[in-house]
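Here is the structure we will look at, set down as structure tokens.
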There are 2 protein chains.
Amino acid sequence: MFAIGLDLGGTKIAAGVVAPDGRVVVSAVRPTPVGGGVPSVLAELAEAAQGVAAQAGLAVGEVEAAGLACPGPVDPATGTVSYAPNLHWRQVPVRELLSARLPWPCVVLNDADAAALGEAHFGAGRGAELMLYLTVSTGIGGGIVRQGELLTGAHGAAGEFGHQVIEPGGPLCRCGRQGCLEALASGTATARRAVERLRQERPSLLQQLAGGDPERITAALVGEAAARGDSLAAEVIAETASYLGIGVANLVAAFDPDRVVIGGGLANLGKRLLDPVRQLVRREVLPPAGERVEIVQATLGAFSGVVGAAWAARGAVSCS
Amino acid sequence: MFAIGLDLGGTKIAAGVVAPDGRVVVSAVRPTPVGGGVPSVLAELAEAAQGVAAQAGLAVGEVEAAGLACPGPVDPATGTVSYAPNLHWRQVPVRELLSARLPWPCVVLNDADAAALGEAHFGAGRGAELMLYLTVSTGIGGGIVRQGELLTGAHGAAGEFGHQVIEPGGPLCRCGRQGCLEALASGTATARRAVERLRQERPSLLQQLAGGDPERITAALVGEAAARGDSLAAEVIAETASYLGIGVANLVAAFDPDRVVIGGGLANLGKRLLDPVRQLVRREVLPPAGERVEIVQATLGAFSGVVGAAWAARGAVSCS
């Protein structure tokens, strides 16, 4: 039977009808009504779910369950989001609110956890004993999947891999700490470092690609310039990879996973990002963990959260 | 029934007869014959085990099993130690070798994992859902216990909490990386920083306590000087606590434990070490993980590894 996956982001909501084999049969994306508060976000989520079900021509009874991937730590017992700064949410009982609006059993989980589950069951993490997932995009988040099941910690907040300090006194992070991995190796940090270099240094293709406007420089644009041979851009990406390598190496030493899956927008840089990370981990983490871990790019793209949320929803229903 | 716990260190072997309630009934400590190679270490371990059993007046049939806590990652399936630099061991099938010398079923596990199990079942970790254990002594190691069971990673090497880089380009660590937590916050690092300060700065009670010989300065001596009001020593301990706080905060963000237990020699510094760590974690780790985690001192002292190894041995026998 089908399940519906929802992925709530700071700017958009993704929804999909997902088959048991992880295939997204129908999908849709709509903007997040950020200004409207909790009720309007919940209304939009419910509409998105009903919308994709209708688009797929499914009756209520043909959908088993709905799963929502949500920013912030989620209490696994209650489905309450304890803290989601992007949405200005604190202690929002999301599962209860969503269940009241949909005709299906609902499950709520952290968005990076959902993406981790998606990759573990249908993507680059298949067959791993212990998989760490990192999403490297505006921020850096993560999830831990062991023998196919999420490890969410004692309060649903595990996997905050972006908030490890690897450079005390370094750049200020959104979380308030200084020198977090996220403040050094995220897409935002990569763009910021490119802009800083442009101000201080030699000319670069980046100026042209950004139409002379530093505000338009993104990590994707830095990646494009690097791919076209721009040396300043290549240096910035190498720096990002080197920070990310330290962060991943620290996690490999702590968790000893057999696979690390890197997703999010920056993973599209492919080998340029991942090869230096692999080399650093091999070289610096003690055997056997450093020797044997595989570090791979995510394969599900933007819908990993939708696929994982649907998987979690189906699993919760089958269990109960 | 009783079990025997063994704890193999770089300088000494501890052995104990352990009751089901975690009480160490009889114990003994003897030097590790480091120069003699694998066979002589194994012979010594077997003698230590037989010795404590005899001392407790136990017949062979009154001991259920023997557990050995061993440095280095241990393959949980085979009981092979893959890598123990202190002992110059690589791929040593310790369980097989020990079983051949003892009349009891044998279990081998990593030493920090054994101490973690001991604390989780009989010490400061009792009742925790997810406990991280850090031993802060010559080096820094760790173990992860979830719902009473060890998480050892995909290759038996999880919990290398000392080998997270938190200061790139910082002091060289034994592992070859620079700026590892171990190279900044271990007992060895604490003593080293005290010696460096003494060379550069004002006089300190430490010089007197060490009889003028910088070689004799240990972390324990720095702690003693700090307790007696020496400001240089207090600063060194505060610095250690601050590094340790960063490392623990990073782990709390990644794992979201409900309890962190700090053991090893440096834990004897008590509140002077732990209070700044607690404050940093509360202040810097996002809620709910940072708010709700308890950070406590280990309670089993030097025999945590013996107790945990005995517990693991008993558990393995009951399962099979």
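So that the names make sense, note that chain A is the first sequence line, chain B the second, and so on, each numbered from 1. Scope of the values below: all heavy atoms of this structure, side chains included, with no hydrogens, waters or symmetry mates. For clarity, every value in this text was computed on a predicted model and none was experimentally measured.
Within the 4.5 angstrom heavy-atom criterion, only side-chain atoms of B:P73, from C-beta onward, approach chain A. In this structure, chain A has a heavy atom under 4.5 Å from the side chain of B:E129, while its backbone stays farther away. Within the 4.5 angstrom heavy-atom criterion, only side-chain atoms of B:L286, from C-beta onward, approach chain A.
Counting heavy-atom pairs under 4.5 Å between each of B:G247, B:C175, B:P288 and chain A puts B:P288 at the top. Between chain A and the options B:P287, B:A289, B:C180, the largest number of non-hydrogen pairs under 4.5 Å is found for B:P287. When B:E167, B:R292, B:R283 are compared by the number of non-hydrogen pairs under 4.5 Å with chain A, B:R292 comes out ahead. Interface summary for chain B: among A:I246, A:L132, A:L251, A:L130, the most heavy-atom pairs under 4.5 angstrom belong to A:I246. Chosen from A:G72, A:G179, A:P168, A:G176, the residue pairing most often with chain B at heavy-atom distances under 4.5 Å is A:P168. Of the residues considered (A:G169, A:A158, A:G159), A:A158 shows the highest number of contacts with chain B, using heavy-atom pairs under 4.5 Å.
Interface with chain B: from residues 82-95 of chain A, residues A:S82, A:Y83, A:R90 qualify, criterion being any non-hydrogen pair under 4.5 Å. The stretch residues 144-156 of chain B places B:I144, B:R146, B:L151, B:T152, B:G153, B:A154, B:H155, B:G156 near chain A, each with some heavy atom under 4.5 Å from a heavy atom of that chain.
Considering every non-hydrogen atom in both A:H163 and B:A253, the closest pair reads O-CB, 3.6 Å.
For the pair A:V165 and B:Q164, the minimum side-chain heavy-atom distance is 4.5 Å or more.
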